[in-house]
Asker: 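What follows is a structure written as structure tokens; I'll ask about it next.
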Amino acid sequence: MCSVDTGGVPPGRRRGARSRTASTPPGRCAIDCALGGEDGRTLYLATADSYDPATTARTHAGRISAVRVPVPGPHVG
């Protein structure tokens with residue numbers, strides 16, 4: 001779950017991760033997130049420089065970031 005209010009992943013909301021700190025990339029707005037990777041301990045964050053569609057269409061500054069978390073997500077499959 002990502003927070004439109006803060007632009008990041010709220011603490012304690014990262015499914016499978018027991019972190020007390022938020023993963024808010026500086027200057028970025030978190031759009032979505034997912035746990036994955038070979039061991040399920042990689043939190044992938046889709047971010048942009050704004051929530052405004054006109055701004056993101058102009059800047060093309062979307063990116064995917066990856067952050068390691070201490071607890072793996074649930075096994076799927």
Side-chain angles (χ1 to χ4, degrees):
M1 177 174 124
C2 295
S3 173
V4 176
D5 294 332
T6 66
V9 180
R13 296 288 185 180
R14 288 183 271 168
R15 193 169 99 192
R18 295 180 185 149
S19 176
R20 297 189 187 279
T21 60
S23 295
T24 306
R28 309 292 299 167
C29 300
I31 306 299
D32 203 358
C33 61
L35 280 167
E38 188 173 316
D39 62 359
R41 294 176 189 219
T42 304
L43 178 64
Y44 295 98
L45 300 167
T47 65
D49 58 341
S50 173
Y51 287 117
D52 176 46
T55 300
T56 59
R58 186 180 72 254
T59 62
H60 299 279
R63 79 173 66 137
I64 303 291
S65 302
V67 179
R68 295 290 291 169
V69 295
V71 179
H75 177 69
V76 179

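When reading the values below, keep in mind they use all heavy atoms of this one structure, side chains included, and skip hydrogens, waters and symmetry mates.
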Asker: Taking all atoms of both residues into account, what is the closest heavy-atom pair of Y51 and A30, and its distance?
Answerer: OH-O, 2.9 Å

Asker: Suppose we screen for side chain to side chain donor-acceptor pair (under 3.5 Å). Which residues come up paired with S50, at least two apart in sequence or across chains?
Answerer: none

Asker: Please identify each residue that fulfils side-chain contact (heavy atoms from CB on, under 4.5 Å) with R58, with sequence neighbours left out.
Answerer: T55

Asker: Between G40 and L35, which heavy-atom pair has the shortest distance, and what is it?
Answerer: O-CD2, 3.9 Å

Asker: What pair of heavy atoms forms the shortest contact from R41 to V71, and how long is it?
Answerer: CG-C, 4.1 Å

Asker: A66: which residues meet the side-chain contact (heavy atoms from CB on, under 4.5 Å) condition with it, sequence neighbours left out?
Answerer: T42, Y44

Asker: According to side chain to side chain donor-acceptor pair (under 3.5 Å), who are the partners of T59, at least two apart in sequence or on a separate chain?
Answerer: D49

Asker: How many angstroms lie between atom CD1 of I64 and atom OG1 of T47, to the nearest 0.5 angstrom?
Answerer: 7.0 Å

Asker: For A48 versus T56, what's the shortest heavy-atom pair and its separation?
Answerer: CB-CG2, 4.0 Å

